[in-house]
Amino acid sequence: MSYSREVDKKWQKKWEESKLYKFDRDKLDKKLYCLEMFSYPSGAKLHVGHWYNFGLTDSWARMKRMQGYNVFHPQGFDAFGLPAENYAIKTGIHPMDSTMKNIETMKRQLKEMGATFDWDYEVITCAPEYYKWTQWIFLQLYKKGLAYRKNAPVNWCPSCKTVLANEQVVDGACERCHSEVTRKNLTQWFFKITEYAQELLDCLPALDWPEKTKKIQTNWIGRSEGAQIEFKVENGDKSSEEITFNVFTTRADTLYGVTYVVLAPEHELVDKITTPEYKDAVEEYRRQVNKVSEIDRLSTTREKTGVFTGAYAIHPLTGENVQIWIADYVLAGYGTGCVMAVPAHDERDYEFATKYGLDIIRVIKGKEGVDDTLPFVEDGILTNSQEFDGVSSEDARLKIVDKLSKQGKGELKVTYRLRDWLVSRQRYWGAPIPVVHCEKCGIVPVPEDQLPVELPYDVVFTPDGESPLAKCESFINTVCPTCKGPAKRDSDTLDTFVCSSWYFLRYPDNKNDKEAFNTEWINKILPVDKYVGGAEHAAMHLLYARFFTKALRDMGYLNFDEPFLSLIHQGTILGSDGQKMSKSRGNTVTPDEYINKYGSDVFRMYLAFGFAYIEGGPWSDDGIKAIDRFIGRINRVIEEVIAERGKSSSKNMGADEKELNFVRHNTIKSVTQDTDQFQFNTAIARLMELVNAIYKYDMKTDKNYDLMEETLKDLLKLLSPFAPHFTEEMWESMGEKYSIFNQNWPVYDEKALVKDEVEIAVQFNGQIRFRTNVPTDSDNKEIEDIVKNDPRSAQYLEGKNIVKVIVVKGRLVNIVVK
RNA sequence: GCUCGAGUGGUGGAACAGGCAGACACAACGGACUUAAAAUCCGUCGGACUAACCCUCCGUGCCGGUUCGAGUCCGGCCUCGAGCACCA
């Protein structure tokens, strides 16, 4: 049967019946955990991106399987989240219903892809059996002090009507709907990811991850080394309590240049220190700051503003009084929320001091020849700094802090840009937060034996800023587990990123109803050996999942440090116009159409061949036709060879046979290497070369059919990861035993790769003049002689002296003449 | 502004670790088969020079350098993309 949709169906059925891809739980010495980022069932159908991600990773997994690995390759659905809820608001269809329906469709399509997924290990995050354990993890984090509630200015998306994590705010706008994010003071749940900031950084270098992704995480964590320095607030009469505050600085060397200090307008000390006569001005300023949008506040081009509080701080070394200002260029959430201002050596402070007429004192001189016009922000030599005059910036940073620390006024300090992860959401479609609020007992975690806290079905989920669950009487009212008095459940749900931060731990033990996962078992299957998914998750999912892994390890539930040893991001497939695919542009590619016309294998193989995997690129209908033709070419030559069986076959291993055999083994070598590295386009190219070589050999009259058949069988095996249905069909038609996927992956023969003669390039002074054949085993001297004696060399050697001869074995000879 | 990536034929894209640039395809063109077309099979295919072939010269964003030899390494630009961005 020539390749078609029918062939796909035939083999999908057979694979399922024979349980070909079931994971062997007993053979763990060669286990390989291959994972794609699971899909979000928002749209009803798989798009090209899914195929690109899943189909090709499956090809990789198939090769690994044939190489003898026991591949664990599960699939599941990241099923909670806003799109389903928004869809429900629009259509009235309950998120649970639409989600389950989408999952059903997507699952069917995933099966049509013909992938090796073992569906026995499926995970659906919106199922109570799953989120029970999401809640359980929440409770463990809570017990460990890694989940806590605090009142803080948080990001609020007015369109999604919920708070967002920092990672979900892009350029001051909601990552999902692009509305401008506003700031609100709210009490919310946070996960203390900052506790792991240093380890999250330290483990990055050893990971086999794209450098870019590591860079994004490094930036996001934002480690900064500096010092924390204590300032006292001046209080004239000394009767009242002493107030101090700390500033964080990376430039302790400029300490003597401090002419004022600045607090963030939100800083808690502001009310305490502001003098009565400045109270109105300060209040007015804070009101203005509140009105400024987050985007404007973050703009570096905006003119700086601020007001004097009337209070003074005492410089820790000089004892002089410096003014305390508040200004919104100081951020409440970073460092200590206060800075020491050194206008001479900081552009921001310089701009501010100039505007408000504050003193500017130079304390750093440029090294010789350096233009040190103020503001001079580079390192240099200290001046106006008492005993530190003449010391370099680098040394002074340590020495000044040393002096401060002896007086208990300062210390070296590392600060991170990373903030704690805000996890509560004022929305319906998520895992309920498993705590109870009791008037008497306060926050009480739901006892583990009462999990899951089930998400009620009948809820009015129109978002209005208040959590929909708060309005669901039957849900919200409960009894306090401690005092048995009336209490209320937490009405917020967890960010969906919480669900996806541990799904890879659940897969291997998805049916466990006693625990989230069995530690002993999970330690055998994890970590994930190969993880493949989009680059957009670099600072979110991938960071959160690492944090969860480390936290669970420290609680004794795991024994490994990192969840994903090796990571690859697939590129993006664009529309044929080179633009991002979108319905509004009308350039979307619907996989189903192509599958029906060409079959799953052709579609998958085009995705493999047409793009550099990590780059992606524009879709082309012509490209897919080329693959269809390629499949046809293979089909025809196999049919022909089968038809010729029984005819006399030469046993000859002449030059043509050797050439075919060379290409065959060279193909084995390259396809193995390329596929291993996700370079599918070149792997397919090598297979095309092999087919071309077979066709060339086929033109001969006196053929060695045995060699041809062996070569074809190798071809089928090498092609099978990319065209599983087609090759299975061809394999069967050649009379071979089911299944091709139980065959060993071919191994190349080194001897076949050694040719008798090799063509090398001959250069004179680096310019290629001609090419010539030399015996492969000849040494440098022999090669040199062959080339020198070549009549074509004469014109380049005539009247010249040979200065040098460079021989690169098997490639070229370069003769330098003068 | 800072920090990374990337720029290769008409197109998608190759090129191990500094060693024959353009693999493999697409498109285009030519030939075979065919009454014809499609399909298929074979071939040509960076540019300039040339009637054509050979030869020669130019050619991996631009300018310069290192080297026997540079798409690849170094310095300086240009363009595009990404990340961070008042982070003290």
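Side-chain atoms are counted along with the backbone in the values below, which use heavy atoms only and exclude waters and symmetry mates. Each chain gets a letter, A, B and so on, in the order its sequence line appears, and its residues count up from 1. Just so it is clear, the model here is predicted, and its values are computed rather than measured.
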How would you list, by chain and number, every residue that makes a side-chain hydrogen bond (donor to acceptor under 3.5 Å, both in side chains) with A/His315, sequence neighbours excluded?
A/Thr318
For residues 337-347 of chain A, which residue pairs pass the side-chain hydrogen bond (donor to acceptor under 3.5 Å, both in side chains) check, not counting sequence neighbours?
A/Asp346-A/Arg348
Please list, chain by chain and in numerical order, all residues satisfying ring-ring contact (aromatic ring centres under 6.0 Å, His included) with A/Tyr613, sequence neighbours excluded.
A/Tyr52, A/Phe678, A/Phe680
For nucleotides 72-76 of chain B, print each protein N/O atom paired with a nucleotide N/O atom at under 3.5 Å, atom names and distance only.
none

For A/Gln767, side-chain hydrogen bond (donor to acceptor under 3.5 Å, both in side chains) partners two or more places apart
A/Arg769
Under 3.5 Å donor-acceptor pairs involving side-chain atoms of residues 791-803 of chain A, not counting sequence neighbours:
unit_1   : atom_1 : unit_2   : atom_2 : d
A/Arg792 : NE     : A/Asp790 : OD1    : 3.1
A/Arg792 : NH1    : A/Arg771 : O      : 3.4
A/Arg792 : NH2    : A/Arg771 : O      : 3.2
A/Arg792 : NH2    : A/Asp790 : OD2    : 3.2
A/Ser793 : OG     : A/Val787 : O      : 2.6

Residue set satisfying salt bridge (charged side-chain N to carboxylate O under 4.0 Å, His left out) with A/Glu230, at least two apart, ordered chain then number -> none
Please tabulate, one pair per line, each protein N/O and nucleotide N/O from nucleotides 66-68 of chain B that are separated by under 3.5 Å, including the distance.
unit_1 : atom_1 : unit_2   : atom_2 : d
B/C68  : O2'    : A/Asn814 : ND2    : 3.2
B/C68  : O2     : A/Asn814 : ND2    : 2.4

What stem regions, each of at least 3 consecutive Watson-Crick or G-U pairs below 3.5 Å, can be found for RNA chain B?
B:1-7 with B:78-84, B:10-12 with B:24-26, B:28-32 with B:40-44, B:46-48 with B:56-58, B:61-65 with B:73-77
Protein-proximity profile, nucleotides 24-33 of chain B, B/S/- by nucleotide at the 4.0 Å heavy-atom cutoff, equals BSSS------
With A/Lys696, which residues qualify under salt bridge (charged side-chain N to carboxylate O under 4.0 Å, His left out), at least two apart?
none
Contact pattern, 5' to 3', of nucleotides 79-86 of chain B - B, S or - by protein heavy atom under 4.0 Å:
---SSSSB
